[in-house]
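Report on the structure given below.
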Amino acid sequence: MKLNQKNIDILRSKLVPKQSNFIGNKDFTPLSEKVLEVISPIDGKVFSTIAASETEDVDHAVTFARKTFNSGVWANMPPKERKVILLKWADLIEINALRIAVLGVRDNGTEIKMAIKGEPKTAADVIRFYAEAIDKINGEITPTSHEVLSLIQKEPVGVVGIILPWNFPLMVGAWKIAPALAAGNSVVLKPSENASLSLIEITKLAAEAGLPPGVLNVITGEGHVGQALATHMEVDVIAFTGSGSVGRKLLKYSARSNMKRVYLELGGKSPNIVFADAPDLDRAARDTAQSIFRNSGQVCVSASRLIIEEPIYEDFLNAVAQHASSLVVGDPLNLKNTTGSMANINQLEKTINAVVKAKEQGARLVTGGKRLHHESGGYYHEPTIFADVKSEMDISQQEIFGPVLAARSFESEEQAYNVANETIYGLSSVIWTSNLSRAHRSIKAIRSGTAQVNCYSGADITSPLGGHKQSGSGHDRSLYAFDKYINLKSSWINIGS
Ligand code: NAD
């Protein structure tokens, strides 16, 4: 189906039936038969339900995944056959892209143009990337003496538990599911209670593509479902994207259970440094607005702190403010709108509270600052910019995960890097300059997992994404992602006479 308003309107009018867990390639009603209402952030109305699972349901899913793994039906399938199944899965996602994207937008409010590209289409690309790698990753032979053969083999870890957030569930999900499956593992997936529908949908497509029962299972519900997964003795690895507070708990759960490996992709408060010698200040202003206001700021690598060189401070701020006020916030399924809604009422309230606090603490409001379209029942907020922020203000330190930009000026390069590094986070950074040496200095000086120079793009599947400091551990994307889902096995074989 083509991306046009008529098709979107047809798809959004469809009823979404009650959803179950999906275990062993079958719908599976939770033992308690309890459900959670799915509320659309577009209008605040309930439009479906998901299973409210309990610990026993998690146990059932993990046991199924473990049995499947031990049977070798997937782990021992010839690599090129696994590749064919994953490639078919990617094709099915692509064929159904608009249907899946509209469903996801009804669940989490991302503007449809961004959702279709960033969600099903990216997920399909990511799955293809790892599918293609399946039969190209070799073991190794180490250089030992003549009498010994020393092998390094790469084995799947077993059962991987994946716990996801509500922003970009398919993209972030595919970053983890695809390499975990490509490496031969079985997966139990716990989507966010605020964005489960599109993930359930693509899991059903995986079954249709030929993934054997029990290899990819979905179990929905609130945080305690993730807790049951992370404390389960038969889960070997937890791969998580979400908040630092939950990440901290996952480390404790691991210590209290089987010391499973835990990989965390957490939050950020990423700096965007604009030097007066930036090659194209107009582009820098446009990308700066994009970097914080797309998906209403609900992007982990949003550049939420703008640090501008003093001589261009007011002019650049005004240019970004102009871009911000040209954005049209509204129904994310209306192609005329450039920006959708916040994902849920908690996110909206968190943003509203952060705005109040920033004013109380003395930041200068440049544009925005208000809830929008209250009458629709949906969760919309104006793109908002504060200037003259100080290091000690909450707006400089705490991740809001909303459309709020905190701007300030700097006088020296050293000061800019000190400000960039003064939070607990280290996810991403952006720098604008024509000075090549300075660009390289900034990459070294700023403690972040990714650095972007004279662009804001988010990069692609070939480059790893991971946090420094309290933004996480381990990497999604690129071939490095396999490290999370494999065990190295060393064998030392005496071949002397
Ligand atoms: P969250 O931490 O509230 O929830 C994430 C998941 O954890 C959900 O599925 C939730 O049900 C589950 N959960 C909650 N309590 C749990 C518990 N006690 N044990 C186990 N699981 C539990 O995060 P969110 O609000 O869904 O997402 C927003 C956060 O995600 C932001 O901080 C954002 O920066 C981060 N994020 C990071 C990246 C990245 O790549 N670094 C990408 C996207 C989002």
Side-chain angles (χ1 to χ4, degrees), residues 36 41 50-53 55 58 107-108 110 118-119 122 126 161-176 188-196 199 218-232 235 238-254 256-257 260 262-270 292 295-304 342-351 398-402 423-428 448-450 458-459 463-477 481 484:
L36 290 175
I50 54 169
S53 310
T55 306
V58 175
D107 211 356
N108 78 353
T110 302
E119 283 282 274
T122 298
V126 169
I162 297 178
I163 305 177
L164 295 176
W166 40 258
N167 69 327
F168 305 108
L170 298 187
M171 175 172 73
V172 176
W175 286 345
K176 297 178 197 305
V188 178
L189 176 65
K190 189 332 225 158
S192 164
E193 54 275 39
N194 292 304
S196 299
L199 280 162
V218 186
I219 179 132
T220 59
E222 292 180 317
H224 63 272
V225 176
Q227 176 172 357
L229 192 58
T231 48
H232 203 291
V235 173
I238 286 287
F240 171 76
T241 294
S243 62
S245 59
V246 174
R248 214 175 273 278
K249 288 183 188 167
L250 294 174
L251 294 171
K252 287 190 197 152
Y253 299 155
S254 164
R256 272 197 239 136
S257 56
K260 56 180 70 64
V262 176
Y263 298 101
L264 305 172
E265 301 287 334
L266 306 174
K269 191 81 194 171
S270 299
I292 178 67
N295 198 21
S296 300
Q298 303 165 117
V299 180
C300 57
V301 293
S302 276
S304 51
M342 315 264 338
N344 54 61
I345 188 73
N346 292 343
Q347 254 340 97
L348 177 67
E349 282 170 359
K350 194 173 168 199
T351 303
Q398 293 176 9
E399 183 187 49
I400 299 169
F401 221 53
T423 75
I424 59 167
Y425 298 108
L427 192 56
S428 171
S448 65
T450 65
S463 90
L465 173 70
H468 291 188
K469 295 157 81 182
Q470 291 186 37
S471 287
S473 59
H475 290 92
D476 280 335
R477 301 196 316 215
K484 299 198 280 197

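Counting starts at 1 for both ligands and their atoms, following the listed order. Hydrogens, waters and symmetry mates play no part in the numbers below; they use all other heavy atoms, side chains included.
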Using protein heavy atoms only, decide if any is under 4.0 Å from atom 36 (N) of ligand 1. yes
Looking at every non-hydrogen atom in both residues, tell me the closest pair between [X] and [Y] and how far apart they are.
X    : Y    : answer
G467 : L427 : CA-CD1, 3.8 Å
L229 : K190 : CD2-CB, 4.0 Å
K260 : A230 : NZ-O, 2.6 Å

Considering distance alone, does some N or O of [X] sit under 3.5 Å from an N or O of ligand 1?
X    : result
T241 : no
Q347 : no
E222 : no

Which atoms from ligand 1 have a heavy atom of [X] less than 4.0 Å away?
X    : answer
Q227 : 19 (N), 20 (C)
N167 : 43 (C), 44 (C)
G223 : 11 (O), 13 (N), 14 (C), 15 (N), 16 (C), 17 (C), 19 (N), 20 (C), 21 (N), 22 (C)
L465 : 40 (O)
L427 : 41 (N)
L266 : 34 (O), 37 (C), 38 (C), 39 (C), 41 (N)
G226 : 19 (N), 20 (C), 21 (N)
K190 : 8 (C), 9 (O), 10 (C), 11 (O)

Interatomic spacing from [atom1] in [X] to [atom2] in [Y] - rounded to 0.5 Å:
X    : Y    : atom1 : atom2 : result
T231 : K249 : OG1   : NZ    : 13.0 Å
W166 : D107 : CH2   : CG    : 12.0 Å
E265 : S471 : CD    : OG    : 9.5 Å
L170 : E119 : CG    : CD    : 4.0 Å
N167 : T241 : CG    : OG1   : 8.5 Å
S448 : K469 : OG    : NZ    : 9.0 Å

Please report which non-hydrogen protein atom sits nearest to [atom], along with the residue it belongs to and the distance in Å to one decimal place.
atom                    : answer
atom 2 (O) of ligand 1  : S243 OG, 2.5 Å
atom 28 (C) of ligand 1 : F401 CE2, 3.7 Å
atom 12 (C) of ligand 1 : I163 CG2, 3.8 Å
atom 27 (O) of ligand 1 : P165 CB, 3.3 Å
atom 29 (C) of ligand 1 : G242 C, 3.5 Å
atom 39 (C) of ligand 1 : C300 SG, 3.3 Å
atom 25 (O) of ligand 1 : W166 NE1, 3.0 Å

With respect to [atom], which of [options] exhibits the smallest heavy-atom separation?
atom                    : options                : answer
atom 31 (C) of ligand 1 : K249, E399, R477       : E399
atom 19 (N) of ligand 1 : Y253, F168, W175, F240 : Y253
atom 22 (C) of ligand 1 : V246, V225, L164       : V246

Would a 4.5 Å heavy-atom cut-off, applied to side chains only, mark K350 and M342 as touching? no
Indicate yes or no: at least one non-hydrogen side-chain atom of I163 is less than 4.5 angstrom from one of V246. no
Given the options L199, L164, L465, V172 meets side chain to side chain contact (heavy atoms under 4.5 Å, CB included) only with L164
Residue among I162, V262, L266 satisfying side chain to side chain contact (heavy atoms under 4.5 Å, CB included) with F240: L266
Which one holds for D476 and ligand 1: side chain close, backbone close, both close, or neither close, with close meaning a heavy atom under 4.0 Å? neither
Answer side chain, backbone, both or neither: which part of E193 comes under 4.0 Å from ligand 1, heavy atoms only. side chain
contact_flag L250 ligand 1 heavy-atom lt 4.0 Å: yes
At a 4.0 Å cut-off, with the gap strictly under it, does some heavy atom of P191 reach an atom of ligand 1? yes
Contacts of type side-chain hydrogen bond (donor to acceptor under 3.5 Å, both in side chains), residue K484, not counting sequence neighbours: D476
Output all residues satisfying ring-ring contact (aromatic ring centres under 6.0 Å, His included) with W175, sequence neighbours left out; order by chain, then residue number. none
